[in-house]
K.L.:
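Here it is, the structure, as structure tokens.
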Amino acid sequence: MNKTNMITINDKVLKYYQNLHQTRVNLVIHIIGSILFIASNVSLVYFIVITDLNSSLISIGLIVFSIILQAIGHQFEPVQFEGFKGPFDFIKTFYLELVIVFPMFLFSPFFKENWNKK
């Protein structure tokens with residue numbers, strides 16, 4: 001794989017993420033929303049495999065709810081996200097940020113710094 005196409009999570013990425021997640025309210029919403037997003041995606045795969053349509057639809061509903069919840073959380077932020085460049089960017093951003101970046105941010109000094117802000 002070409003190095004220019006690789007996505008790396010470093011302090012620069014976490015600092016950018018920190019800038020968009022400054023308020024305690026949004027941090028709490030993102031903890032809940034990220035866990036819900038991950039769990040709902042895992043359950044969706046499981047329910048698709050066992051062909052449980054009703055539970056699959058509930059999982060999809062919970063995924064959508066977690067996205068809406070986090071959009072609400074961002075309304076409390078002084079710095080707003082620029083937006084998505086299209087549907088693929090929306091999907092890529094959500095999965096990358098909620099499954100990888102946010103958990104790394106959660107256990108980083110950047111999260112602790114924002115959590116301790118007055």
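What's counted below: heavy atoms across the whole structure, side chains too, no hydrogens, waters or symmetry copies.
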K.L.:
I need the Glu97 CD to Lys92 NZ distance, nearest 0.5 Å.
P.N.:
9.0 Å
K.L.:
To the nearest 0.5 Å, tell me how far Leu44 CG sits from Ile63 CD1.
P.N.:
5.0 Å
K.L.:
With the side chain counted from C-beta on, respond yes when Phe37 and Asn41 share a heavy-atom pair under 4.5 Å apart, and no when they do not.
P.N.:
yes
K.L.:
As a test of understanding, state which of Gln18, Arg24, His21 forms a side-chain hydrogen bond (donor to acceptor under 3.5 Å, both in side chains) with Asn114.
P.N.:
Gln18
K.L.:
Classify the angle between the aromatic ring planes of Phe94 and Phe90 as parallel (below 30°), tilted (30 to 60°) or perpendicular (above 60°).
P.N.:
tilted
K.L.:
Is any side-chain heavy atom of Phe102 closer than 4.5 Å to a side-chain heavy atom of Ile31?
P.N.:
yes
K.L.:
For Tyr46 and Asp52: C-alpha separation, side-chain torsions, deciding distance, then whether side-chain contact (heavy atoms from CB on, under 4.5 Å) applies.
P.N.:
CA-CA 9 Å; Tyr46 172 75; Asp52 183 341; over 6 Å; no
K.L.:
Look at the side-chain heavy atoms of Ile, Leu, Val, Met, Phe, Trp and Tyr, link any pair under 4.5 Å apart, and say whether Val42 and Phe47 land in one connected group.
P.N.:
no
K.L.:
Do the non-hydrogen side-chain atoms of Thr23 and Pro78 ever get within less than 4.5 Å of each other?
P.N.:
yes
K.L.:
Is the closest side-chain heavy-atom distance between Phe111 and Leu14 below 4.5 Å?
P.N.:
no
K.L.:
Sub-3.5 Å donor-acceptor pair from the side chain of Glu77 to the main-chain atoms of Gln22, do we have one?
P.N.:
yes
K.L.:
Does a sphere of radius 6.0 Å around NZ in Lys85 hold more than 12 heavy atoms from other residues, nucleotides or ligands, not counting ones at 6.0 Å or beyond?
P.N.:
no
K.L.:
For residues Tyr16 and Trp115: do they belong to one hydrophobic cluster (side chain heavy atoms under 4.5 Å, members Ile, Leu, Val, Met, Phe, Trp, Tyr)?
P.N.:
yes
K.L.:
Please determine whether residues Leu62 and Ile50 belong to a single hydrophobic cluster, defined as Ile, Leu, Val, Met, Phe, Trp and Tyr linked transitively by side-chain heavy-atom distances below 4.5 Å.
P.N.:
no
K.L.:
Could you go through the side-chain contact (heavy atoms from CB on, under 4.5 Å) check for Asn19 and Phe81 one step at a time?
P.N.:
CA-CA 10 Å; Asn19 191 43; Phe81 176 68; over 6 Å; no
K.L.:
Could you tell me if Asn116 and Glu113 have a donor-acceptor pair between their side chains, going purely by distance under 3.5 Å?
P.N.:
no
K.L.:
Flag yes if Val45 and Leu53 sit in one hydrophobic cluster, no otherwise; membership is Ile, Leu, Val, Met, Phe, Trp, Tyr, and two members link when side-chain heavy atoms are under 4.5 Å apart.
P.N.:
no
K.L.:
Measure the spacing between CD1 of Ile60 and OG of Ser43 and express it to the nearest 0.5 Å.
P.N.:
9.5 Å
K.L.:
When rounded to the nearest 0.5 angstrom, what is the spacing between OG in Ser34 and CD1 in Ile29?
P.N.:
13.0 Å
K.L.:
Please walk me through it: do Met104 and Val13 pass side-chain contact (heavy atoms from CB on, under 4.5 Å)?
P.N.:
CA-CA 10 Å; Met104 289 180 72; Val13 172; over 6 Å; no
K.L.:
Is the ring pair Tyr17/Phe105 parallel, tilted or perpendicular, if the boundaries are 30 and 60 degrees?
P.N.:
perpendicular
K.L.:
What's the spacing between Ser66 OG and Ile35 CD1 if we round to 0.5 Å?
P.N.:
11.5 Å
K.L.:
Is there a path of hydrophobic side-chain contacts, each under 4.5 Å between heavy atoms of I, L, V, M, F, W or Y residues, that connects Phe84 with Leu20?
P.N.:
yes
